[in-house]
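Encoded as structure tokens, the structure appears first; notes follow it.
Chain A is the first sequence line, chain B the second, and so forth, proteins listed ahead of strands; every chain is numbered from 1.
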Protein chains: 4
Amino acid sequence: MNFNLNPRSHVPIWEQIVHQMKEMVMKEIFSPQDKIPSVRELSSQLVINPNTVSKAYQELERQGVIETIRGKGTFVAERSVEVQFSEQQAEKLRDELKRTIIEASYIGIESDMILQWTKELLDEFGGEPNAKR
Amino acid sequence: MNFNLNPRSHVPIWEQIVHQMKEMVMKEIFSPQDKIPSVRELSSQLVINPNTVSKAYQELERQGVIETIRGKGTFVAERSVEVQFSEQQAEKLRDELKRTIIEASYIGIESDMILQWTKELLDEFGGEPNAKR
Amino acid sequence: MNFNLNPRSHVPIWEQIVHQMKEMVMKEIFSPQDKIPSVRELSSQLVINPNTVSKAYQELERQGVIETIRGKGTFVAERSVEVQFSEQQAEKLRDELKRTIIEASYIGIESDMILQWTKELLDEFGGEPNAKR
Amino acid sequence: MNFNLNPRSHVPIWEQIVHQMKEMVMKEIFSPQDKIPSVRELSSQLVINPNTVSKAYQELERQGVIETIRGKGTFVAERSVEVQFSEQQAEKLRDELKRTIIEASYIGIESDMILQWTKELLDEFGGEPNAKR
DNA sequence: GTGGTCTAGACCACA
DNA sequence: GTGGTCTAGACCACA
């Protein structure tokens, strides 16, 4: 697993792991049932503290991205289509989008460029890969 | 100045101020040369710690959004069109966009919805208001 | 013996076995003197680690649910009515009940619903089946 | 705040804190907006590690029981009536109830006693205290 | 070997 | 002063 962690970032390492893991699942680099490295393996590979990896894994499990089977290891979870997002979650993401668009427009990035980025990213990540149908 | 600050949010208050200030400039609620309240005035108006306002103003000044003129006060800065963004800045914003799109797709928000949001927000904030041409 | 084991659950597998075994006895699916599979048989049938079954059997024996007779095998134990529970045991179970009721009320499950569940479950499991009278 | 922590219990200390905190909110010992002790205060009062208290507070915040205001402290959250529980959550709690009832019946606790306990506990904790109406 | 809990202690951003 | 992150390391239950 290739993680690209930046310890200088203001985003905590455990959050970087959570996000990149979700990215890999969206990109179908991982499929449901795939075994992912143990906390100890990954922490020694990334040269970070096991507790940091553990925190990331716990958050991923809470979000239903991975599943832990006692004594056997950790696996990418089956994703159910029924996943229903709340109004609140949607609101929060729209706000994030707004924030990014204001920042981008402010420094002079053209609307067309932003729209193009969005389309490219949606082509890459839009849809629901790995969802049980 | 109407700020909508949420102390319960995990976004630092100084960052909320910075962002809303930029939003107001983008919406042309403020024009260059407009005087804005002093740190003391604003902090007592918003009932927050002066250090917080001070930090926000420092960041806004660093980004060239406002200017302080000794003995006269603080003003919205003139924006020049020639403002050129760096590759690095663009990269960072594209990454933010990517992050939001992954999260949104992950919880099942349709690509069409995300695209619609983007268009709406670009209509509202796209362009370069207040820029000296 | 039909066990419904869920390795993804955070309840240890040996505990799931213990509990389902007791449930089967309460439902009179088993009667005293019935022979139950050996550790080896059950572990290979359920495709789990023999140590896990062994731990479950030890706990069941400790609780007087099953009995091992050297050279003959393992059997459902005779239950005597005189089984007297201690204040401590009762206290512990009342606490568990309290915990569940607090959690349920907290997320907004109606008192009536909780009461109905209790009545249904008592109809299904209340009483002392298989007890020697 | 009176916590009754048992380090010998198999229930982690942070979980005991979470549960007892919810109990106190249900009993209206705390009301929304009430300030609760800081992580440092509580950890020194309970003579446990700050990280353990921190973990409990983070879980309580995730569940919407408390709110953190940066630099100001932690407060009991306003509870909204709209709290909607999922089928899955209800299922899990019914299972817990089932488990407790089987255990209780098994050791010979009368159905009437269990029903009485339930009614007493519902009188004490049923309903939605502190909910914004 | 696997993950979970807990302690001890450092460092940092925020207000 | 407040909480959040991270490291280091011990101990434990489970399989």
Counting only Watson-Crick pairs (N1-N3 plus N6-O4 or O6-N4) and G-U wobbles (N1-O2, O6-N3), all under 3.5 Å, who is the partner of E:dT5?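 Its partner is F:dA10 (Watson-Crick or G-U wobble, both distances under 3.5 Å).
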
If you assign A:Lys55 and C:Lys55 each to the DNA chain F nucleotide with the nearest heavy atom, which residue ends up on the more 5' nucleotide?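 The residue whose closest nucleotide sits nearer the 5' end is A:Lys55.
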
Rounded distance in Å - [atom1] ([X]) to [atom2] ([N]):
| X | N | atom1 | atom2 | result |
| --- | --- | --- | --- | --- |
| D:Tyr57 | F:dG1 | OH | P | 17 Å |
| A:Glu67 | E:dT2 | CD | P | 18 Å |
| D:Leu5 | E:dT7 | CG | P | 10 Å |
| D:His10 | E:dT5 | NE2 | P | 13 Å |
| A:Ile17 | F:dT5 | CD1 | P | 13 Å |
| A:Lys72 | E:dG3 | NZ | P | 14 Å |
| A:Gln58 | E:dC6 | CD | P | 11 Å |
| B:Arg8 | E:dA15 | CZ | P | 14 Å |

Under a 3.5 Å threshold, yes or no: a donor from one side chain and an acceptor from the other, between [X] and [Y]?
| X | Y | answer |
| --- | --- | --- |
| A:Thr74 | A:Glu67 | no |
| D:Glu61 | B:His10 | yes |
| D:Glu59 | D:Gln63 | yes |

For the pair [X] and [Y], find out whether any cationic side-chain nitrogen is under 4.0 Å from an anionic carboxylate oxygen.
| X | Y | answer |
| --- | --- | --- |
| D:Arg94 | D:Glu91 | no |
| A:Glu23 | A:Lys27 | yes |
| C:Glu96 | D:Arg99 | yes |

Between [options], which one does the side chain of [X] approach most closely?
| X | options | answer |
| --- | --- | --- |
| A:Ile48 | E:dT7, F:dT5, F:dT7 | F:dT7 |
| A:Val39 | E:dG3, E:dA15, E:dA8 | E:dG3 |
| A:Ser38 | F:dC14, E:dC6, E:dG3 | E:dG3 |
| D:Thr52 | F:dG3, E:dA15, E:dC6 | E:dC6 |
| A:Asn49 | E:dT5, F:dT7, F:dT5 | F:dT7 |

Taking donor-acceptor contacts at under 3.5 Å, does the side chain of D:Arg40 reach the base of F:dG1?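 Answer no: no donor N or O sits under 3.5 Å from an acceptor.
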
Do C:Asn51 and F:dA15 share a donor-acceptor pair, side chain to base, under 3.5 Å?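 Check fails, no donor-acceptor contact within cut-off.
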
Just to be sure I understand the rule, does D:Ile13 reach a base, reach only the sugar-phosphate, or reach nothing, if contact means heavy atoms closer than 4.0 Å?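 Counting heavy atoms under 4.0 Å across all strands, the contact made by D:Ile13 is with sugar-phosphate only.
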
Just to be sure I understand the rule, does D:Glu41 reach a base, reach only the sugar-phosphate, or reach nothing, if contact means heavy atoms closer than 4.0 Å?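 If one applies the 4.0 Å heavy-atom cut-off, D:Glu41 turns out to touch the sugar-phosphate alone, with no base involved.
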
DNA chain E: D:Val47 or B:Val11, which has the more 5' nearest nucleotide?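 This one resolves to D:Val47.
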
Starting at the 5' end of DNA chain E and moving along, which residue's nearest nucleotide shows up first, B:Glu15 or A:Pro37?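 Closer to the 5' end of DNA chain E: A:Pro37.
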
Does E:dT2 have OP1 or OP2 sitting under 4.0 Å from an N or O in the side chain of A:Thr74?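 No, outside the criterion.
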
